[in-house]
*Asks:* 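Just passing along the structure, written as structure tokens.
In what follows, residues are counted from 1 in the order of the sequence shown.
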Amino acid sequence: MTKKDKPNVVYIGTPFFDREDKYESGTKSFRDIGCRIKRLMVAKECTTPSLEEMRRIIVEFSDVIVVSGGNSLFAMLRWQSIGLDLLIKEAAIKGTVLCGGSAGCGCWFDTMQTDSLKPEACKLSERVLTELSAEERLNWSFVRISCMGYINAFAVPHIDTKGTNEVARVDIAKKMLLDAQLENGMEIPIIGFGVDELAGIVYEEGKLTIISAGKRRNGIGEATCHILYVDQRREVQVIPITPNTGEAATLEELIERSMRSVEALQSPLDLVVPDQVSAAVHRRGVSGAIDAGGLIDAAVPLVAQVLLPPPPPPTSHHQRTPSNLLYSPAPLNLERITSHENFGATDAFLIGQLPPLFRSANPQPQHGRPFSAPPPTPDLISLSLGQCDPPAIKVGTNQTYRL
């Protein structure tokens, strides 16, 4: 895609808090073919370069930008706070290839499902896990966050797996998508795009190619990607896409095929016998047998008409997924995300004061819905995500925060 044998690679490990082991494993393939690699470390203030230096690395040097997996919510907040999101956008416009896995895959979409609130996703995860009981470790929820917005869909990485809270990602994704669709009306569909554990996508010149590297997590079928949408019955459909065909298709084409396949399966099959077929069945010869020739003559044109594919429906555009920064379908009370140096988070943002994804000279709110946070609940389960007081994240049992 870069048209270079040894492209310049920039590795961004913000979601994994710039861990050394993740850098080594995430760049091995590039090192093996002799690529020049620069590592951009911005998880901490003390390692974050100046804006001018970041621009030289991201915009001027890079042919490929690789983003690690990990805590997607932390990465999005951190990039926004230092302007890295805008530099990546500038590099993308220049033609830099953007790639990554897990968080590094979902971050390029409008929104994504993430497990960023699980205890294992914080910087001091080992310390946190020792403080929590086995039951408390399960007490977290998936959330939907706004991302870079290059692909117009709601991304669900690892859709064929469960989280450490033993909840299937696909089940939560379906609820998230249904809630978003009902909130925004049924006229224009909101689309989800699920990626299995061993599947990948190549997005080039507006078209996607689906690649499978093995079986799905349950062992049934090849790992692939899936189109998710809400049908007219207000049921969420999850339609797999055939992988490894070598075919490239636009997202709109994949959506149209998925919707047509579901409509065909949902259409009632009414057996209506035309008069000419009924007459042929009742017409008998001298021996009393059915007039087979007449029956065939009457039925063949009708069968042919049924088997011919219907004309394709007009292409329907789908609306962008709502980009509220944080949304949880389960009760969630996110009190604050702190920026303690040992925690590795960003400048402390109070709820309702998080920055917009892309800054502009005249920012316009994307949604007219005002934000109002309910008061904190008295029965909070605290997750001590670092050496900070009070705890960084508090998960409650009867409140939902939306931005």
*Asks:* With a 6.0 Å cut-off (strictly less than), is the heavy-atom count around CD of Glu60, excluding the residue itself, greater than 12?
*Replies:* yes
*Asks:* Kindly say whether Ser212 contributes a backbone atom to a donor-acceptor pair with the side chain of Asn244 at under 3.5 angstrom?
*Replies:* yes
*Asks:* Assess whether salt bridge (Lys or Arg N to Asp or Glu O under 4.0 Å) is satisfied between Lys175 and Asp179, documenting all intermediate values.
*Replies:* CA-CA 6 Å; Lys175 178 166 178 52; Asp179 288 349; 3.6 Å; yes
*Asks:* So do the side chains of Val170 and Asp160 get within less than 4.5 Å of each other, counting heavy atoms only?
*Replies:* no
*Asks:* Apply side chain to side chain donor-acceptor pair (under 3.5 Å) to Thr48 and Arg78, showing your working.
*Replies:* CA-CA 11 Å; Thr48 301; Arg78 182 62 181 159; 3.0 Å; yes
*Asks:* Nearest 0.5 Å, what's the OG-CD1 distance between Ser141 and Ile172?
*Replies:* 7.5 Å
*Asks:* Which atom names give the shortest non-hydrogen contact between Ser146 and Thr111, and what distance separates them?
*Replies:* CA-CG2, 4.1 Å
*Asks:* For Ser62 and Ile65, indicate whether the former's side chain and the latter's backbone hold a donor-acceptor pair under 3.5 Å.
*Replies:* no
*Asks:* Hey, does the side chain of Asp196 reach the backbone of Thr224 with a donor-acceptor pair shorter than 3.5 angstrom?
*Replies:* yes
*Asks:* Walk me through whether Leu129 and Glu120 qualify under side-chain contact (heavy atoms from CB on, under 4.5 Å).
*Replies:* CA-CA 7 Å; Leu129 292 175; Glu120 298 91 334; 4.0 Å; yes
*Asks:* I'd like to know if the side chain of Thr47 reaches the main chain of Met41, judged simply by a donor and an acceptor atom lying under 3.5 Å from each other, with no hydrogens or angles considered.
*Replies:* yes
*Asks:* Just checking Phe154 against Phe193, ring centres under 6.0 Å apart?
*Replies:* no
*Asks:* Could you go through the side-chain contact (heavy atoms from CB on, under 4.5 Å) check for Val10 and Ile58 one step at a time?
*Replies:* CA-CA 7 Å; Val10 173; Ile58 292 294; 3.9 Å; yes
*Asks:* Answer yes or no: is there an ion pair linking Lys28 with Asp32, defined by an N-O contact shorter than 4.0 Å?
*Replies:* yes
*Asks:* Looking at CD of Glu256 and OG1 of Thr250, how far apart are the two atoms once the value is rounded to the nearest 0.5 Å?
*Replies:* 8.5 Å
*Asks:* Taking atom CZ of Phe74 and atom OG1 of Thr14, what is their separation to the nearest 0.5 Å?
*Replies:* 6.5 Å
*Asks:* For a 4.5 angstrom cut-off between non-hydrogen side-chain atoms, does Val97 reach Asp63?
*Replies:* no
*Asks:* So how far is it from Trp79 CH2 to Asp85 CG, rounded to the nearest 0.5 Å?
*Replies:* 9.0 Å
*Asks:* Could you pull out the closest heavy-atom pair between Gly106 and Cys147, with the gap in Å?
*Replies:* O-SG, 3.8 Å
*Asks:* Which atom pair, heavy atoms only, marks the closest approach of Met259 to Ile191?
*Replies:* CE-CD1, 4.2 Å
*Asks:* Any side-chain heavy atom of Pro15 within less than 4.5 Å of one from Ser72?
*Replies:* no
*Asks:* Measuring from Met1:CE to Glu204:CD, what's the distance to the nearest 0.5 Å?
*Replies:* 4.0 Å
*Asks:* For Lys207, is there an ion pair with Glu247 - N to carboxylate O distance below 4.0 angstrom?
*Replies:* no
*Asks:* Just wondering, more than 12 heavy atoms not from Lys94 lying within 6.0 Å of its NZ?
*Replies:* yes
*Asks:* Can you establish whether the number of heavy atoms outside Asp21 located under 6.0 Å from its atom CG is more than 12?
*Replies:* yes
*Asks:* Check this for me: Lys6, atom NZ, are more than 12 non-hydrogen atoms of other residues, nucleotides or ligands nearer than 6.0 Å?
*Replies:* no
*Asks:* Between Arg39 and Glu24, is the closest basic N to carboxylate O distance under 4.0 Å?
*Replies:* no
*Asks:* Hey, does Ile239 have a side-chain heavy atom less than 4.5 Å from the side chain of His226?
*Replies:* no
*Asks:* Give a yes or no on whether a salt bridge exists between Arg56 and Glu53, defined as a side-chain N under 4.0 angstrom from a carboxylate O.
*Replies:* yes
*Asks:* Among side-chain atoms of Asn71 and Ser116, is any donor-acceptor pair under 3.5 angstrom?
*Replies:* yes
*Asks:* How close do Trp140 and Pro119 get, counting heavy atoms only, and between which atoms?
*Replies:* CD1-CD, 3.7 Å
*Asks:* Any heavy-atom pair between the side chains of Lys123 and Lys44 that's under 4.5 Å?
*Replies:* yes
*Asks:* Is the Lys NZ or Arg CZ of Arg19 less than 6.0 Å from the centre of Phe16's six-membered ring, within 45° of the axis?
*Replies:* yes
*Asks:* Indicate yes or no for a side-chain donor-acceptor contact from Thr96 to the backbone of Ala91 under 3.5 Å, with no hydrogens or angles considered.
*Replies:* yes
*Asks:* Can you check side-chain contact (heavy atoms from CB on, under 4.5 Å) on Phe142 and Asp171, steps first, answer last?
*Replies:* CA-CA 11 Å; Phe142 288 102; Asp171 293 339; over 6 Å; no
*Asks:* Taking it one step at a time, do Phe109 and Met148 satisfy side-chain contact (heavy atoms from CB on, under 4.5 Å)?
*Replies:* CA-CA 6 Å; Phe109 287 75; Met148 299 293 283; over 6 Å; no
*Asks:* If the threshold is 4.0 Å, N to carboxylate O, is there a salt bridge linking Glu222 and Lys215?
*Replies:* yes
*Asks:* Taking the six-membered ring for Trp, are Phe30 and Tyr11 closer than 6.0 Å centroid to centroid?
*Replies:* no
*Asks:* Are any side-chain N or O atoms of Gln181 and backbone N or O atoms of Ile190, one a donor and one an acceptor, separated by less than 3.5 Å?
*Replies:* yes
*Asks:* Using a 4.5 Å cut-off on heavy atoms from C-beta on, say whether the side chain of Gln237 contacts that of Leu228.
*Replies:* no
*Asks:* Are more than 12 heavy atoms from other residues, nucleotides or ligands located less than 6.0 Å from atom CD of Glu205?
*Replies:* no
*Asks:* Would you say Asn165's side chain and Leu138's backbone share a donor-acceptor pair under 3.5 angstrom?
*Replies:* no
*Asks:* I'd like to know if Asp115 pairs up with Arg169 as an ion pair, taking the criterion as any Lys NZ or Arg NE/NH1/NH2 lying under 4.0 Å from an Asp or Glu carboxylate oxygen.
*Replies:* yes
*Asks:* To the closest 0.5 Å, what do you measure between CG (Leu254) and CD1 (Ile227)?
*Replies:* 5.5 Å
*Asks:* Just by distance, no angles: are the side chains of Arg217 and Thr161 close enough, under 3.5 Å, to form a donor-acceptor pair?
*Replies:* no
*Asks:* May I ask you to decide whether Arg137 forms a salt bridge with Glu166, counting only side-chain N to carboxylate O separations under 4.0 Å?
*Replies:* no
*Asks:* Look only at the side chain of Asp18 and the backbone of Ala43, and say whether a donor-acceptor pair between them is shorter than 3.5 Å.
*Replies:* yes
*Asks:* Any idea which heavy atoms bring Ile33 and Asp5 closest together, and the distance?
*Replies:* CD1-O, 4.1 Å
*Asks:* Looking at Asn152 and Leu251, what are the two nearest heavy atoms and their distance?
*Replies:* O-CD2, 3.5 Å
*Asks:* Please tell me if the side chains of Phe61 and Val9 come closer than 4.5 Å, counting only heavy atoms from C-beta onward.
*Replies:* no
*Asks:* With a 4.5 Å heavy-atom cut-off, do Leu87 and Leu51 have their side chains touching?
*Replies:* yes
*Asks:* Taking Ser102 for the side chain and Gly104 for the main chain, is one N or O donor matched with an acceptor at less than 3.5 Å?
*Replies:* no
